[in-house]
Visitor: 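Please read through the structure below; I'll follow up with questions.
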Amino acid sequence: MDESEETIDMCKAIEDLREEAMQAGIQTGRKVGREEEKEKIILRMVKKEKYPYEEIAELAEISVEKVKELGMKNK
């Protein structure tokens with residue numbers, strides 16, 4: 001492998017790493033966005049005071065403690 005081929009391989013490797021990092025960032029952003037939206041819905045349910053924490057936790061698939069924590073944090 002000559003120096004020119006090594007340079008091309010390094011450029012390709014750097015580009016591949018950059019693409020992987022970008023995709024990982026996109027996935028992380030999507031996950032954070034879903035979690036934020038889920039929290040907003042939970043808070044709306046808590047504020048309506050129609051649903052017991054246990055039911056909210058079951059529907060949102062999180063712990064009752066987390067529902068209580070979100071409710072207390074946003075009073």
Side-chain angles (χ1 to χ4, degrees):
M1 183 179 286
D2 67 14
E3 193 173 313
S4 174
E5 289 174 343
E6 286 179 20
T7 301
I8 292 171
D9 286 345
M10 285 300 294
C11 290
K12 174 78 170 109
I14 291 170
E15 185 61 34
D16 290 348
L17 286 172
R18 184 178 163 278
E19 180 64 29
E20 287 176 26
M22 187 178 352
Q23 290 302 318
I26 289 169
Q27 292 301 320
T28 299
R30 287 179 177 155
K31 182 178 179 182
V32 169
R34 285 190 300 269
E35 290 298 317
E36 288 174 351
E37 190 60 31
K38 188 180 206 178
E39 285 185 12
K40 287 179 187 177
I41 293 168
I42 291 166
L43 287 173
R44 286 196 301 261
M45 292 176 79
V46 168
K47 287 179 182 177
K48 283 197 174 268
E49 297 180 355
K50 289 184 177 183
Y51 308 96
Y53 287 164
E54 293 78 13
E55 188 173 357
I56 296 170
E58 181 182 340
L59 293 169
E61 299 178 342
I62 63 171
S63 70
V64 174
E65 292 76 27
K66 181 69 175 177
V67 174
K68 290 178 181 178
E69 177 187 316
L70 289 170
M72 295 302 291
K73 182 170 77 172
N74 291 285
K75 278 193 173 186

Visitor: Restricting to non-hydrogen atoms, name the atom on Lys38 and the atom on Ile62 that form the minimum distance, rounded to 0.1 Å.
Guide: NZ-CG2, 3.9 Å
Visitor: Within a 6.0 Å radius of atom CD on Glu61, are there more than 12 heavy atoms belonging to other residues, nucleotides or ligands?
Guide: no
Visitor: Between the side chains of Gln23 and Glu19, does any donor sit under 3.5 Å from an acceptor?
Guide: yes
Visitor: When you check the gap from the basic side-chain N to the acidic O, do Glu15 and Arg18 get nearer than 4.0 Å?
Guide: yes
Visitor: Report yes if the side chains of Arg44 and Lys48 come closer than 4.5 Å at any heavy-atom pair, otherwise no.
Guide: no
Visitor: Roughly how far, to the nearest 0.5 Å, is the CE atom of Met22 from the CD1 atom of Ile26?
Guide: 6.5 Å
Visitor: Let me confirm one number: the CG-CG distance from Asp16 to Asp9, rounded to the nearest 0.5 Å.
Guide: 10.5 Å
Visitor: Please determine if Lys68 and Glu65 form a salt bridge, counting it only when a charged side-chain N lies under 4.0 Å from a carboxylate O.
Guide: no
Visitor: List the residues meeting salt bridge (charged side-chain N to carboxylate O under 4.0 Å, His left out) with Glu36, not counting sequence neighbours, and say none if there are none.
Guide: none
Visitor: So, for Ile42 and Ala60, which heavy atoms are closest and what is the spacing to 0.1 Å?
Guide: CD1-CB, 3.8 Å
